[in-house]
There are 2 protein chains.
Amino acid sequence: MTTIRDIAKLSGFSTGTVSRVINNHPDVNPATREKIEAIIRETGFQPNANAKFLKQTISSTITVIVKGIQNSFFETILEEMQEVFKENGEEVSVIFLDETENEVDAAEHACSTRKPRGLIFLGGNIQEFRKNFEKITVPSVLVTVDASQLGYDNLSSFTTDDISGAKEAVSYLVRFGHSRIGIVGGSLDETSGQLSTSRLAGAREILDTHRIPFTFENNYAPCRFSMDDGYRATRELLQKNPGITAIFAMSDLIAVGAVRAVRDAGKSVPEDVSVIGYDGIDYVNYSVPRIATIRQNTGELARRSVEDLLLRVSYSRSAVHEKIPYTVIAGESVAKPRD
Amino acid sequence: MTTIRDIAKLSGFSTGTVSRVINNHPDVNPATREKIEAIIRETGFQPNANAKFLKQTISSTITVIVKGIQNSFFETILEEMQEVFKENGEEVSVIFLDETENEVDAAEHACSTRKPRGLIFLGGNIQEFRKNFEKITVPSVLVTVDASQLGYDNLSSFTTDDISGAKEAVSYLVRFGHSRIGIVGGSLDETSGQLSTSRLAGAREILDTHRIPFTFENNYAPCRFSMDDGYRATRELLQKNPGITAIFAMSDLIAVGAVRAVRDAGKSVPEDVSVIGYDGIDYVNYSVPRIATIRQNTGELARRSVEDLLLRVSYSRSAVHEKIPYTVIAGESVAKPRD
DNA sequence: ATAATATATGCAAGCGTTTTCATGATGTCA
DNA sequence: TGACATCATGAAAACGCTTGCATATATTAT
């Protein structure tokens, strides 16, 4: 294996000078630099990252921690983040966690063993951050969960304003004249996440404003953010309350499941039951009928998060908490109620 | 920061002994082990991975290189791989490449800087491997591309038998009585990948067998593996050749686009045009109509790949090339032609 | 009891870098 | 011309860990 010492020997300079060339240190004679660079090119030498980061006590990588990759919405954001990282020539390392694993513990482990420069959390539980995040000292960003209340000065957050997005979704249904509305998704369990709490809160606020009845018993079906679970929950809800004429699904995957559930209950979308989703995944545009939704701006979410982190790891700026605008996407899945 | 030396001091033993405890080396007194482990637990000490792998000259991580994450099929496999890695307590690092980047170069770079124990390539171009893979010396696995012809003894591969899968797909259409069949997906450019070449070859073989006419001009529309491109290509094909009564889409995403394209051309699926896809993503089961497809066994692809790699990095077994069986999934998107 | 073996631990070198400090060469200014 | 700043380089220590070797103690065989 070729090391910096080999390059030193070949070039006739010391390892120190070679190191300075590699790291673009200014104090090196242009001619020397040229010679050494030539040899590095010839030999194809690549410095050993372990040695480098052992010495530097901090590595150059950014670690992204994704909690729940099954969420295809996260996959989209992750993909778009890669692009921004690439533009900036950043080395990224991705860790995937399932729902049972603790994101803050995983982050702490990564920090103590791998010494990343910065951390991005894609998803996660606000409670965990509240309780344990103080352990983390590197600049971090929390995406899709709002950390503005937590007061950590090394934690930015980028989110969609879910309360207001959910309001728009339900208002959309109300505007069409619906007054028997079901909500599908999330969970009553408080720990399940800020996200479903916000979407539920926003939805209920609009229902209340319009004096539209809502009970957990008759108008709500909790479920995970998948097509399968959306299907199951919607079928159950329609069985309990066949009078429902419109459904607000807390994610598009749930909405896709809901559409099939309505059909399998012998009804049709949107004639008998309207459906509106949330997120704005590509598929809504291809489903039959096209599903109305609240589109989150994944591109901006990804770009702003990465750019904020890169700025903060280099120049110690303070953390920010930003809401990225959403867009209401009309679709064929919402129509006036029948009667 | 707490180091192994701190633990040594606290416990009264030497760093060597602490190291042996950490690495479960047998030659250490159970009582000593107990004491040292207690101190490690108390202090929350975690060994510095950079130092460890500097000394060991090879790291414990497996690196997964994903080329083209926009392929949601890969995302599924990646997710399932994570599970198998987790079961085996393996540390994984994922690198995402876009289509313009060279997977073998990226792998070489990762090897020389990060020293992974093993490599998994999710997707990639067979030509690249043929030309450059000799640079790579660590045990590797190529998933979804068949490397059996390449003769590298450190490269296994796990694939679906695409030729035969495509045969089944087209046979399925033929069995319903179709004889004016279009094929959508892939590219005529040979370098675009073994995958589309195989699927096209299999499809054509069945067409030939049944003396069903096929010309690139009238029966084929190349496109990328996305809904958008599938839509565009299908619309163009239907315009050129309105007589087509059935479409074999080379992926399910393409099929989803194709279904919408048929509708937008004023026809319906499956009454006017039947559609069959390939891959077996979850959407096919929720689309209206449900789309018939050839389901690749992502779970097995993921599990066998990871398990093979783990076996090979630990015990130097020889590389294998395995075909994972597919399943034909019937759907509502295929029916008899109208006339 | 002595020798031989097995077991547990310490010592110290070394993995491939970076970086501080010292040094020598060159240039500048009064 | 001497004093001093500037620039380029080398020498060597250090980062935190592993591991081969030497050593000390405990165990067993003779």
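All values derive from a computational prediction rather than experimental measurement. The sequence lines fix the lettering, A, B, ..., with proteins before strands; numbering per chain opens at 1. The figures here come from the full heavy-atom set of this structure, side chains too, leaving out hydrogens, waters and symmetry mates.
Across C:dT9, C:dG14, D:dA13, the shortest atom-to-atom separation from the side chain of A:Lys55 is found for D:dA13. Minimum atom distance to the side chain of A:Leu54 is reached by D:dC15, of the listed D:dC17, C:dT17, D:dC15. Across C:dC15, D:dT18, D:dG16, the shortest atom-to-atom separation from the side chain of B:Arg5 is found for D:dG16. Between D:dG10, D:dT19, D:dT18, one nucleotide has an atom nearer to the side chain of B:Arg20 than all others, and that is D:dT19. For A:Ser19, taking side-chain heavy atoms from C-beta onward, the closest of the listed nucleotides D:dG10, C:dT19, C:dT9 is C:dT19. For B:Thr15, the side-chain atoms get nearest to D:dT18 when compared with the rest of C:dT17, D:dG16, D:dT18.
From one end of the helix from C:dA1-D:dT30 to C:dA30-D:dT1 to the other, with five pairs defining each end axis, the axis direction shifts by 40° (rounded to 10°).
Remark: C1' of D:dA24 and CZ of B:Phe13 are 14 Å apart, rounded to the nearest angstrom. Protein atom CG of A:Asn50 is 14 Å distant from nucleotide atom P of D:dG16, rounded to whole Å. Atoms CD (A:Gln46) and C1' (C:dT17) sit 15 Å apart, rounded to a whole Å. Summarising the geometry, the separation between CE on A:Met1 and C1' on C:dG14 is reported as 13 Å, rounded to the nearest angstrom. As a whole-Å value, the separation of B:Ile4 CD1 from D:dT19 P is 11 Å. Residue A:Ile7 contributes atom CD1, which lies 15 Å from atom P of D:dG10 at whole-angstrom precision. Straight-line distance from the CG atom of B:Asp6 to the P atom of D:dC15: 11 Å, rounded to whole Å. The separation between B:Phe53 atom CZ and D:dT19 atom C1' is 16 Å, rounded to whole Å.
Along DNA chain D, the nucleotide nearest to A:Gly16 and the one nearest to B:Asn23 differ in position, and the one closer to the 5' end is contacted by A:Gly16. Take the nearest nucleotide of DNA chain C for B:Gly12 and for A:Thr17: the residue whose nucleotide is more 5' is B:Gly12.
Atom CD of A:Gln46 and atom CD1 of A:Ile22 lie 10.0 Å apart (nearest 0.5 Å).
Side-chain contact check for A:Glu80 and A:Thr298: at least one donor-acceptor pair (N or O, by modelled atom type) lies under 3.5 Å. No side-chain donor from either of B:Lys55 and B:Asn50 sits under 3.5 Å from a side-chain acceptor of the other. Using a 3.5 Å distance cut-off with no hydrogens or angles, the side chains of A:Lys35 and A:Asn29 do not pair a donor with an acceptor. Side chains of A:Asn102 and A:Glu128: a donor on one and an acceptor on the other come within 3.5 Å. B:Asp308 and B:Ser156 share a donor-acceptor pair across their side chains, judged by distance under 3.5 Å alone.
Side-chain atoms of B:Asn154 come within 3.5 Å of backbone N or O of B:Ile136 as a donor-acceptor pair.
Backbone-only contact: B:Thr3 has heavy atoms under 4.0 Å from sugar-phosphate atoms and none from a base.
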Show, in sequence, the C-alpha distance, side-chain angles and deciding distance for B:Asp146 and B:Lys323, and conclude whether the salt bridge (charged side-chain N to carboxylate O under 4.0 Å, His left out) test is met. CA-CA 9 Å; B:Asp146 181 3; B:Lys323 297 252 184 255; 3.2 Å; yes
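Between A:Ser157 and A:Ser148, the shortest heavy-atom distance links the atoms OG-N, 4.0 Å. Residues A:Arg312 and A:Leu155 approach most closely at NH1-N, 4.1 Å, considering heavy atoms.
Scanning residues 27-40 of chain A for heavy-atom distances under 4.0 Å to DNA chain D yields A:Asp27, A:Val28, A:Asn29, A:Thr32.
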